[in-house]
Amino acid sequence: MIEAMKKPTPARAAKEAYDPAKIEKKWQKKWASSKVYRSTESKDAKDKFYVLDMFPYPSGEGLHVGHPKGYIATDVVSRMKRMQGMNVLHPMGFDAFGLPAENYAIKTKTNPADSVAKNVAHYKEQLELLGFDYDWSREVNTTDPKFYKWTQWIFLQMFKKGLAFESFEPVNWCPTDKTVLANEDVEDGRCERCGTLVEKKPMRQWVLKITDYADRLLKDLDATGGIPVVTAREGKGAAHENEPFIERDAAVCIIRHWSEDKYLCVNWKATNWQGFVIGGIEKGEDMGTAGVREIQEETGFKNVRFVREVGKVDTRFYQVIKQVNRHAHYVCGYFELKDGERTDISQEEKDLQDPMWLSPAEVQKFLNHEDMKYLWDLYTGAKKQEIKPLLEWPESIKEAQRNWIGRSEGAEIDFELALTKKKSRYVLIHGYKGSPADDFFPWLKTEFEKKGHEVQAPALPNPNDPKESEQVDFILKNCTLDKNTVIIAHSLGCVSALKALMKSNKQISGLVLVAPAIEPNFNKESKERPYHSNFSWNYDFEQIKKLTSGRIALLSDTKEIHRSEYIKYLGTKLSAGVIEVDAVEKHFTGAQEPSILECCTPKAAVFTTRPDTIFGVTYLVLAPEHFWVKEFLDLIDNRAEVEAYIDRAKSKTDIERTDGTKEKTGVELKGLCAINPANGEKVPVWIADYVLADYATGAVMAVPSHDERDAQFAKVYNLPIIDTKLEDKEEMVQKYGKKVVKYKLRDWVFSRQRYWGEPIPLIHCPECGVVAVPEKDLPVKLPKVKFYEPTGTGESPLAAIDSWVNVKCPQCKGKAKRETNTMPQWAGSSWYYLRFMDPDNKKAFVDPAKEKYWSPVDLYVGGAEHATRHLIYARFWHKFLYDIGAVSGIEPFKKLQSVGLIMAEDGRKMSKRFGNVVNPDDIVKQFGADTLRIYEMFMGPFDQAIAWSTQSMVGSRRFIERVWKLAERVGAGKSSAENDRILHKAIKKVTDDIQSLRFNTAISTLMIALNELEKSESLDRHTLETYLKLLAPFAPHVTEELWTDIGNKKSVHVSEWPIFDPALLVEATATIILQINGKTRGSFIAPSGAGKEELEKAAKSAPEAEKWLKDKVIQRVIAVPGKLVNIVTA
RNA sequence: GCCGGGAUGGCGGAAUUGGUAGACGCACACGACUCAAAAUCGUGCGGAGUAAUCCAUGGGAGUUCGAUUCUCCCUCCCGGCACCA
């Protein structure tokens, strides 16, 4: 064999030495000009395969060798899939809005638009050196107005659905980058970009309501995918009532005749929908009961029996009336009829459908919907229900998202707050024609007095013809208005009360307006009331807000629709909460109106996962920012101390506050107590910064005997710790609270006070409020500016550009101003994968047919660091787009693979800072792109972090050179069985390994095959071709060169991927391992098909057996055909 | 603290349902070629031992005829979450 190798008989003229510099550029140009890698929506029956990289953020530093690792992987997969005959979409683009580009621009004093263009060009050059098969005709760039027009469009859709709203809550502020940050942009209390400690600042911000999707984002991580073919619904559902698409989960009933092998099928006349009886599953029903009920109602058959569940189909359809995508399951059951006994069914039902009994063969023909066909196949056993996860994602990333969303189930329990010594004073003001003896007033007075409060309930003069000044003066004369007073006014009494308050100009504790009287000019059509002209109806809302510190509640009776508009109006003017309740009697005229008492009773809701420990509560802790702390500040005994603590907590950064190792601090709210609803016990109320304001209710019932943190706190402040027996959780929740689910996920703070981002397409109009920019005016282009440095004032630099800011209101055409905040870096990347499907569309962000064709992304490859940002944001946007019917699936990325980082040779991260960056351009120059590609894929398991080693690269280079030399040996001879065996072993392994992204073992297989082929006596053209095909995805240039050298005209990259033939692997004999007592002692050759007994016999006669079994008694022999024989001695 | 993933020669790693542990590659050593070197090709390469053989997949136990693989406990490393009630 060595002889043969030494004297090769080259059929092909010996080529000059392998020189990548010569061939790689050549092929890259050829591929580009011949457009081999262009993707179009295929007309033929090819399967599509959408493989995507997380598109790069082009920094000024360019690529280092770590960046292309993921791109090489997708390139390998896309090339194999293409050769396997699939219609491949493998695009590339650039994500370039946001802080890094802007900071780079500021540093280098170039306009971000210019530096981004330069960086993108550089990135592209570097990428092109590596021979990727990207379809560059589909390139997108998030900073291109043609692209961000649609980013803005999606934002507007969210705005219209109420998912984008203005918030004034404290947010994360980075003092270095001078912008707010989303929770996701904060790492360990520091700005993820610059490492500065983040401050909490209350600021006006645009926020996306991602929390509305928390539950679905969590649940769909574990959803099963069902059968994709069946789930892709063409139909539009629920166009009218007779439509058989059902919005809930529905029971599909396969019903067998009582004596014959026939099945009941129905034809819906209105829709020509042919299938089985189907009906929605009602709340509390299972599929069996729903089916039986539905069969009885629709067909009249009385004696139905549910036999077994058949299977499930995931159905999705577009709900025409509501214009949303819907998602439900058809759960199919098999039912039998005992007899033909039947009740009459309504004419209505008869008109809808024609029932008929069909034989199994007829059923199959009859069905005209794929879901029904599929369920029938499940019933007959022709198909098996295949349950795959909807998301084939690494467990670690799913887990990171679960942690981030942080669902916890628990209970909310109200604890009433009361002053221990001081009592409140309630001033009750009755309305028109009323008196303190009427309606709920006497009852309310008693209730307050029971609690020890003082009540003043004046009988106002001339209730039947009230005059403003008379009433106001009477109130001021007879009632005490001070910091301890709560005014409760009803109907017209609200007017008197407000006027009295304004005139007194005294600070009070709170104000409750029960069904307030409507201003006469609020609604011109409202009928004239006799008292209208007796009042002046001019309120100074700002003054009222000040005097009440905003502690105003407005009670609205849901039965009084005409009043609710006015109350809502008052609510906005007074920035007060409107509480809508069912009054006992209309307009709160019942003898008891508990909702009034309820809203006067201060209650703090606590969230707990341990309601079973409620009898162990020894104190209550509120977050320092808690609503009730502000409310009671005036009424407690140690105001100064408490205020000082609140100030201290405010000045702490989050990282200081949440440091669990520090001793806990807090202050008691002296003079205040909380009442445990379970035993009526009064416990002290504390504030402490270990309770977080923005998680759950910001209040905790402290059970030091069962909670470590509470115990620590109790120890510090000497609070009682009582051991208590545990109650039944469910029972406690039922009695004292309600079940709730809380999430750690916060809404997405979506605005940035920076220049380089998509402008938020909204306009602030003094008359109309916040108005969306009309879609026809999109995109709102980012203006070119000279100064784009952040201002630090909480406004973006855009605010200084008057010509841009000042616009006409699209609604009233009056003077208005643009929103000047911009979107965060993550906006464009939340949907870019959709734009690749249809990058030039001017009418829509993606054409629905193209979206349907390419979705979902079949393989998505990128860094694991995006687990809780990009990947959560994109899922959120996708689900939203699904809900409005803009995309067809509920998840964007089917299979996700994370790339392991490539570290520098010194084991640290590659960074300019450490001076350990390896540039791919240099590597390509020295070794060639094919070598770099093979090396990066061969380094180790793809998802594992690994250190770069330029020295180790020579192995990959040698490998290619040996292939190059092997090709010189190719002869015209026929293929040998030996070569076929070598190849087919490799075909199977390489195909499987690329499929499951185990590139390192795929390459090792190719190396093994090469070693074997080198030793093989003959090398025919077919063998070489097959080998080149297998290697082509990894080393596209050299394989293409060798491929054309042996006379092929078409590219190797569009040749057919070899198909594994197991018959070629069968060998006549197999090596069987001989073990004695489980230890390997030798081996012997046996015929491949040898049975257990044959093997046992052969093993016993093997020479090693003789040696090791001398003087031993054989106790047992285990023979595994094709593998081994183990002889066990006593 | 909770959750997820790991630990195999000098190094990167392989062993797809429990069946010859160390494939493939790097490094290293020796040999061939050469005046010489590089390149290339060949041979060797977990540890101990002349050898027979014994020991070895982070440590300890267990299940099994047989364990890198399964179960339990422990140590260490990486990643996510974290005063989340």
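Below, read A as the first sequence line, B as the second, and so on, with proteins coming before strands; counting in each chain starts at 1. Hydrogens, waters and symmetry mates play no part in the numbers below; they use all other heavy atoms, side chains included.
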Donor-acceptor pair under 3.5 Å, Asn1126(A) side chain vs C65(B) base
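Yes, the side chain and the base share a sub-3.5 Å donor-acceptor pair.
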
With a non-hydrogen cut-off below 4.0 angstrom, is [X] in contact with a base, only sugar-phosphate, or nothing?
X	result
Val691(A)	base
Arg962(A)	sugar-phosphate
Ile1008(A)	sugar-phosphate
Gln1075(A)	base
Asn1011(A)	sugar-phosphate

Answer syn or anti for G9(B), where the cut-off is 90° from 0 on the glycosidic torsion.
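Nucleotide G9(B) adopts syn.
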
By nearest-nucleotide position on RNA chain B, the 5'-leaning member of Asp188(A) and Met701(A) is Asp188(A)

Could you pick out which residue, Asp689(A) or Lys965(A), lies toward the 5' side of RNA chain B when each is mapped onto its nearest nucleotide?
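In this pair, the answer is Lys965(A).
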
Would you call [X] and [Y] a side-chain contact if the rule is heavy atoms closer than 4.5 Å?
X	Y	value
Arg981(A)	Lys985(A)	yes
Pro1087(A)	Glu1094(A)	yes
Asp992(A)	Phe1060(A)	no
Thr1071(A)	Ile1085(A)	yes

In terms of side-chain heavy atoms of Lys1123(A), which of G80(B), G19(B), C26(B) is nearest?
G19(B)

Nucleotide of G19(B), A85(B), C26(B) approaching Val1120(A) most closely (side-chain heavy atoms):
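Closest nucleotide among those given: G19(B).
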
[N], OP1 or OP2 - any side-chain N/O from [X] closer than 4.0 Å?
X	N	answer
Tyr695(A)	A85(B)	yes
Arg402(A)	C3(B)	no
Arg1081(A)	A52(B)	no
Lys1079(A)	C55(B)	yes
Arg958(A)	C26(B)	yes

Base-pairing assignment for [N] (Watson-Crick or G-U wobble, both under 3.5 Å):
N	value
C2(B)	G80(B)
G9(B)	none
A15(B)	none
A36(B)	none
U50(B)	none
C70(B)	G62(B)
C28(B)	G44(B)

Parallel, tilted or perpendicular for Phe607(A) and Tyr695(A), by the 30°/60° rule?
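Rings of Phe607(A) and Tyr695(A): perpendicular, as their planes differ by over 60°.
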
Under 30°, 30 to 60°, or over 60°: which ring-plane class applies to Trp826(A) and Tyr873(A), parallel, tilted or perpendicular?
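Rings of Trp826(A) and Tyr873(A): tilted, as their planes differ by 30° to 60°.
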
Contact pattern, 5' to 3', of nucleotides 6-16 of chain B - B, S or - by protein heavy atom under 4.0 Å
------BSS-B

Using only heavy-atom distances, determine whether the side chains of Asp215(A) and Tyr743(A) contain a donor-acceptor pair under 3.5 Å.
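Yes, side-chain donor-acceptor contact under 3.5 Å.
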
Between Ser705(A) (side chain) and Ile722(A) (backbone), is there a donor-acceptor pair under 3.5 Å?
yes

